Trainee: 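Handing you this structure, nothing more for now.
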Amino acid sequence: MYTAIASLDGYVEDDHGRFDWAEPDEEVHSFVNDLQRPAGTYLYGRRMYETMLYWETAPMDEDQPRFVRDFTEIWQRAEKIVYSRTLESVSSARTRIERNFDPEEVRRLKATVSHDIAVGGADLAGQAIRAGLVDELHLLVVPVVVGGGKRCLPRGWRLHLELLDTRRFGSGAVYLRYRAVAEGQGSSVAHRV
Ligand SMILES: NC(=O)c1ccc[n+]([C@@H]2O[C@H](COP(=O)([O-])OP(=O)(O)OC[C@H]3O[C@@H](n4cnc5c(N)ncnc54)[C@H](OP(=O)(O)O)[C@@H]3O)[C@@H](O)[C@H]2O)c1
């Protein structure tokens with residue numbers, strides 16, 4: 001599954017590299033915790049990994065809100081695979097580096113584990129989508145238009161989707177849960193436009 005918090009115009013990061021406008025409030029954060037909880041393995045692009053690394057050492061004292069401590073636990077418990085050609089080492093537990101994103105290897109992993117696998121970082125997720133590896137998209141659309149930046153979804157690829165669930169939040173964010181479906185018998189879920 002690919003979970004992303006995106007602007008209404010489909011960006012996860014604006015032209016200035018910022019995504020503070022995507023910061024979830026308690027209601028959205030708690031909801032995302034529940035989405036991420038079943039994911040036993042996270043596949044990360046290096047950039048997303050570097051952002052998420054905060055959670056490896058996030059404070060767990062009683063001053064921290066419960067939903068924040070909850071996410072810290074969820075993140076620390078999961079296995080992580082980081083895709084990078086530049087990263088020399090990782091500083092989080094249960095983490096290994098892969099130098100190449102090999103769709104066949106991910107397909108094998110999907111076939112062998114019983115838990116969900118989450119992919120994160122729009123660049124890496126785009127590759128997983130193009131390889132037909134993403135079964136579900138979980139998009140949290142926040143009420144902002146940022147005009148440009150890093151696209152949430154890859155350009156030039158068509159993906160047919162079935163809507164599985166929706167939810168609206170007090171902040172004006174909307175959750176859209178989609179399943180990728182093949183167009184016809186034997187066709188791949190994603191294909192070049
Ligand atoms: N909207 C939000 O709520 C939100 C939340 C958190 C973060 N973000 C931001 O969203 C941005 C996502 O950026 P992104 O989509 O560029 O990043 P990404 O997918 O997380 O990472 C891209 C990096 O992954 C590595 N990589 C990609 N494909 C690879 C392959 N086939 N083989 C080996 N390594 C590969 C490369 O690392 P190397 O350069 O090391 O080779 C590449 O530079 C980040 O800036 C993140 O901080 C947004």
Side-chain angles (χ1 to χ4, degrees), residues 1-36 39 41-58 67-68 71-72 74-75 78-92 95-109 117-134 137-157 167 169 171-177 190:
M1 61 185 184
Y2 171 38
T3 303
I5 304 181
S7 63
L8 178 60
D9 49 348
Y11 296 99
V12 290
E13 184 184 86
D14 65 24
D15 267 335
H16 306 287
R18 290 175 56 167
F19 53 92
D20 50 331
W21 42 265
E23 191 177 336
D25 63 7
E26 176 171 354
E27 188 188 17
V28 172
H29 207 308
S30 303
F31 184 79
V32 170
N33 289 1
D34 291 339
L35 290 181
Q36 295 297 91
T41 305
Y42 298 158
L43 311 184
Y44 281 128
R46 191 256 310 159
R47 294 188 67 207
M48 183 56 108
Y49 172 71
E50 286 177 344
T51 304
M52 299 305 286
L53 197 50
Y54 163 80
W55 296 100
E56 183 69 6
T57 52
F67 69 94
V68 172
F71 187 75
T72 304
I74 293 168
W75 197 83
E79 297 290 324
K80 293 126 191 138
I81 303 175
V82 184
Y83 292 87
S84 172
R85 298 190 175 101
T86 62
L87 207 60
E88 292 187 351
S89 61
V90 287
S91 56
S92 53
T95 309
R96 66 183 167 89
I97 301 177
E98 282 288 342
R99 296 293 174 209
N100 274 304
F101 182 73
D102 177 357
E104 285 318 309
E105 225 167 88
V106 178
R107 231 177 283 284
R108 276 195 290 277
L109 181 68
I117 301 174
V119 61
D123 178 1
L124 191 76
Q127 295 175 52
I129 288 170
R130 293 197 295 263
L133 287 165
V134 174
L137 298 179
H138 299 252
L139 299 183
L140 286 129
V141 179
V142 295
V144 61
V145 170
V146 297
K150 168 76 62 175
R151 292 173 57 90
C152 173
L153 292 166
R155 281 186 75 86
W157 284 79
R167 177 155 161 184
F169 297 90
S171 62
V174 174
Y175 167 65
L176 299 165
R177 176 179 176 182

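Ligands are counted one by one from 1 in listed order, and the atoms in each one are counted from 1 as well. Keep in mind that this is a model prediction, so the values were computed, not measured.
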Trainee: Nearest 0.5 Å, please: how far is CD1 in Ile97 from OG1 in Thr86?
Mentor: 8.5 Å

Trainee: Shortest non-hydrogen contact from Leu35 to Leu140?
Mentor: CD1-CD1, 4.4 Å

Trainee: Between Phe71 and His29, how do the two ring planes meet: parallel, tilted or perpendicular, split at 30° and 60°?
Mentor: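 Phe71 vs His29 ring planes: perpendicular.
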
Trainee: Once rounded to the nearest 0.5 Å, what's the spacing between atom OH of Tyr11 and atom CH2 of Trp21?
Mentor: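 The distance works out to 10.5 Å.
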
Trainee: Working to the nearest 0.5 Å, report the span between CG of Leu176 and NE2 of His138.
Mentor: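 Those atoms lie 11.0 Å apart.
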
Trainee: Ligand 1: which residues have a non-hydrogen atom closer than 4.0 Å?
Mentor: Ile5, Val12, Glu13, Phe19, Ala22, Gly45, Arg46, Arg47, Met48, Thr51, Tyr83, Ser84, Arg85, Thr86, Arg99, Asn100, Phe101, Gly121, Ala122, Asp123, Leu124, Gln127, Lys150

Trainee: CD of Glu50 to OH of Tyr44: how many Å apart, nearest 0.5 Å?
Mentor: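 The CD atom of Glu50 sits 12.5 Å away from the OH atom of Tyr44.
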
